[in-house]
Asks: 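Let me give you the structure first, and then I'll get to my questions.
Quick note on labels: first sequence line is chain A, next is B, and so on, each numbered from 1. Nothing here was measured: the structure is a model prediction, and the numbers come from that model.
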Number of protein chains: 2
Amino acid sequence: MKNAPPTLKEIAKRLKLSTSTVSRALKDHPSIGLVTTMRVKKLAEELNYEPNNRAIFFKQQKTFTIGVVLPNLSESFFSTAISAIENKATEEDYTVILGQSLDDENRQSRILETLRKHRVDGIILSVAKNTSNFDFIDSLRKSNIPIVFFDCVPDREDVIRIVSDLKPGMMEAIDTFVSCGHNRIALINGPQTLLASRERLEGYKQGLEKNDIPVNEDYIFVSDLSEEDNKRVMAELIALPERPSAVICFSDYVALDTMKVAKEKGLSINQDVSFISFSNFPIWNHIENKPMASIEQFAGRQAQKAADILFDLINERETSGEKLISYPSQLIHLDTL
Amino acid sequence: MKNAPPTLKEIAKRLKLSTSTVSRALKDHPSIGLVTTMRVKKLAEELNYEPNNRAIFFKQQKTFTIGVVLPNLSESFFSTAISAIENKATEEDYTVILGQSLDDENRQSRILETLRKHRVDGIILSVAKNTSNFDFIDSLRKSNIPIVFFDCVPDREDVIRIVSDLKPGMMEAIDTFVSCGHNRIALINGPQTLLASRERLEGYKQGLEKNDIPVNEDYIFVSDLSEEDNKRVMAELIALPERPSAVICFSDYVALDTMKVAKEKGLSINQDVSFISFSNFPIWNHIENKPMASIEQFAGRQAQKAADILFDLINERETSGEKLISYPSQLIHLDTL
DNA sequence: CTGTTAGCGCATTCAA
DNA sequence: TTGAATGCGCTAACAG
């Protein structure tokens, strides 16, 4: 049972042909006689011959494999993203090597190293939060491995980045709150190091300005996005003398944590304090006490674009040359149960 | 910039040595002179030499890659599982090629074909629900690719399967319901073709028996696990003349759908009708209107065991020879908010 | 139409 | 202590 899979050589020997003839016959090369072709194909069939992809890849100096590194597959945003990437990869006859950084910078760089050593043909990356060292970019560049960032992207302009433009959603959120009569609107933001945090903040300020509401720095909170910190921040928020009546959360996860605190403090969700968050969990529609609305960032669309561009690069097709591609986010109102 | 990565030959040429000497020097082979070794290492360093894994794998007739095929990464059960597998793979210096079947049998077989063609060293599979054709098992066997199943496993004894033994959790669930005074306990089960459904059913019957409650066939429902069907079934359940006061759901997803229907019909969760489900969503703790309890199936443990065994097979280590390994499930009571 | 040859990058056996 | 030669499976340039 431990018989090695048949090879071209094997077939050639049995048929007293050369491997090249066999190779060509199998791919219907016009210069091979019909009879020979048939004989070869017949035996190949019998032996269950299958070309050894690894050998072919090796010869062609390609791996037909891309690496995808994401913070966390358990976030629906990323599981949606990987599905989109997988589909595109399948179309292109590529396989996907997966890596989860778990938002740990060290883990992330280990994964990237492995991918580089495996000489994947390209990489799609959504960086771990709090990543501070981007040396891997140069390292990959030296190895001629193209990389495309999406969603969580580094704050530098020499790389290709696909992002969601958070401002439209943020502005809509504030408009919505204002039209509901809120004027004490807080923001629970993420780490300053994230581009995504900066953009949320900008959108927040612009949205308030547009509605002639002065920015109150006391209403701007920063969490490291851990459950504890989300809760800590929310407790602070609630304790404010002039408590905000509306809160925009960095993400749906933050909303979950903060709403929990609100409830524990006896506040009624979307009555005593209203919530809008980012990400648009698919699960919201199933549960009560959800935010009024959630801002969709179109994970699938971002990821697909990232994959499209990566394969353009890999196949050295013409690309638009754009380095930063941004899709507008969009506020989605959630039905109240 | 399009310079190829340095090779052994490159180094050898520059140093006027043979590739074999260079090869050996780089791995501190004792028979190479210290001076030569140093010279080689120095130049390798300067050139940023890195062995070409692909070539090594090719030569060794291995790929150092395993395939993992799961129904759906967006289910937390599976994202937990893949993390466990990834960790083990990293330990063993393997990479993971990922595939999502999306519970589509055709898609699943396409993925398995691809993995086979890529000659991965092994496969871990949780089969798509409704899979009816298991020919791929023979196909992989012929290709000498070991495969380990977990969680959703085929109903045949010639393969290695890691499962969660659902009975303990199911019995606990019924005990819990009974001790709360319920005796009209329904089961919303999945497709009959799933071993997992059969086991739930058995556990259900045994649990009732143990508590001297006769089995009422009207209280046993089968859903294809789609949202629509879950809802349809729940509507039927509610419409029963002697409506069950407690429901055990195939999964947390089923619970979400059915609880929604219950609420729409004006029933109060865990008062008019109580729920227990399988899987133990991490998110339950954040939301209201959740089941009384959820049955933990220990995704991580199952997946890790699957990976352990797979690597034992790949490395031809001794294995226990057990074909079916089963971990008891366990009822987890969920805090009421 | 078909065969010979060379080579992808590396490890390894055998010879020097 | 080092080098030459071989081969993993396949493709392709070149020769017949």
Side-chain angles (χ1 to χ4, degrees), chain A residues 2-41 43-44 47-65 93 116-121 143-144, chain B residues 2-41 43-44 47-65 93 116-121 143-144:
Chain A
K2 200 66 201 175
N3 46 357
T7 65
L8 282 188
K9 199 200 281 184
E10 173 92 13
I11 299 182
K13 195 162 59 182
R14 295 216 197 187
L15 259 33
K16 298 194 194 307
L17 290 170
S18 73
T19 58
S20 41
T21 304
V22 176
S23 169
R24 286 183 282 229
L26 285 173
K27 41 186 56 152
D28 291 310
H29 194 285
S31 74
I32 302 295
L34 187 58
V35 207
T36 318
T37 304
M38 296 308 280
R39 284 177 64 217
V40 168
K41 287 199 169 182
L43 183 58
L47 294 181
N48 266 310
Y49 169 79
E50 288 184 343
N52 183 334
N53 268 331
R54 295 291 161 176
I56 297 174
F57 298 169
F58 168 58
K59 181 161 181 55
Q60 302 190 346
Q61 302 282 52
K62 290 189 69 172
T63 63
F64 289 94
T65 299
D93 281 316
R116 201 172 56 75
K117 289 207 186 117
H118 275 247
R119 312 226 172 165
V120 294
D121 293 339
S143 304
N144 280 314
Chain B
K2 200 64 200 175
N3 46 356
T7 65
L8 282 188
K9 200 200 282 184
E10 173 92 13
I11 299 182
K13 195 163 57 181
R14 294 215 196 188
L15 259 35
K16 298 194 193 308
L17 291 169
S18 72
T19 59
S20 39
T21 305
V22 176
S23 170
R24 285 183 281 230
L26 285 173
K27 44 187 52 151
D28 291 310
H29 194 287
S31 74
I32 301 295
L34 186 59
V35 206
T36 318
T37 303
M38 295 307 279
R39 283 178 63 219
V40 169
K41 288 199 169 183
L43 183 57
L47 293 181
N48 267 309
Y49 170 78
E50 288 185 343
N52 183 333
N53 269 332
R54 295 292 160 174
I56 297 174
F57 298 168
F58 169 59
K59 182 162 183 52
Q60 302 189 346
Q61 303 282 52
K62 289 189 70 172
T63 64
F64 290 94
T65 299
D93 281 316
R116 201 173 55 75
K117 291 208 186 117
H118 275 247
R119 313 231 170 160
V120 294
D121 294 340
S143 304
N144 280 313

Asks: Side chain of B:Ile56 only, heavy atoms from C-beta on: which candidate in C:dC10, C:dG9, D:dG3 is closest?
Replies: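 Selected nucleotide (nearest to the side chain): C:dC10.
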Asks: Of A:Leu8 and B:Val22, whose nearest nucleotide on DNA chain D comes first from the 5' end?
Replies: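 Its nucleotide being nearer the 5' end, the pick is B:Val22.
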Asks: Within the structure shown, what part of the strands sits under 4.0 Å from B:Lys16 by heavy-atom distance: base, sugar-phosphate, or nothing?
Replies: sugar-phosphate
Asks: Under 4.0 Å, counting only non-hydrogen atoms across every strand here, what does B:Arg54 touch: a base, just sugar-phosphate, or nothing?
Replies: nothing
Asks: Reckon A:Lys62 touches a base, only the sugar-phosphate, or nothing at all at heavy-atom distances under 4.0 Å?
Replies: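 No contact at all - A:Lys62 keeps every heavy atom at 4.0 Å or more from the nucleic acid.
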Asks: Given A:Val22, which partner from the list A:Thr37, A:Ile11, A:Thr36, A:Ile32 fulfils the side chain to side chain contact (heavy atoms under 4.5 Å, CB included) test?
Replies: A:Ile11
Asks: Is B:Phe57 touching bases, backbone alone, or none of the nucleic acid, heavy atoms closer than 4.0 Å?
Replies: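 B:Phe57: no heavy atom of the nucleic acid under 4.0 Å.
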Asks: From C:dC10, D:dC10, C:dT4, pick the nucleotide closest to the side chain of A:Ser20?
Replies: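 Closest nucleotide to the A:Ser20 side chain: C:dT4.
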Asks: Select base, sugar-phosphate, or nothing to describe what B:Thr7 touches, counting heavy atoms under 4.0 Å on all strands.
Replies: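 Sugar-phosphate contact only.
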Asks: Could you walk me through whether B:Phe64 and A:His118 pass ring-ring contact (aromatic ring centres under 6.0 Å, His included), step by step?
Replies: CA-CA 10 Å; B:Phe64 290 94; A:His118 275 247; 8.2 Å; no
Asks: Would A:Leu8 and A:Tyr49 count as a side-chain contact (heavy atoms from CB on, under 4.5 Å) if you check the C-alpha gap in whole Å, the side-chain angles of each, and the deciding distance to 0.1 Å?
Replies: CA-CA 8 Å; A:Leu8 282 188; A:Tyr49 169 79; 3.5 Å; yes
Asks: Picking from C:dT12, D:dT2, D:dG9, which would you name as closest to the side chain of A:Asn52?
Replies: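 Nearest to the side chain of A:Asn52 among the choices is D:dG9.
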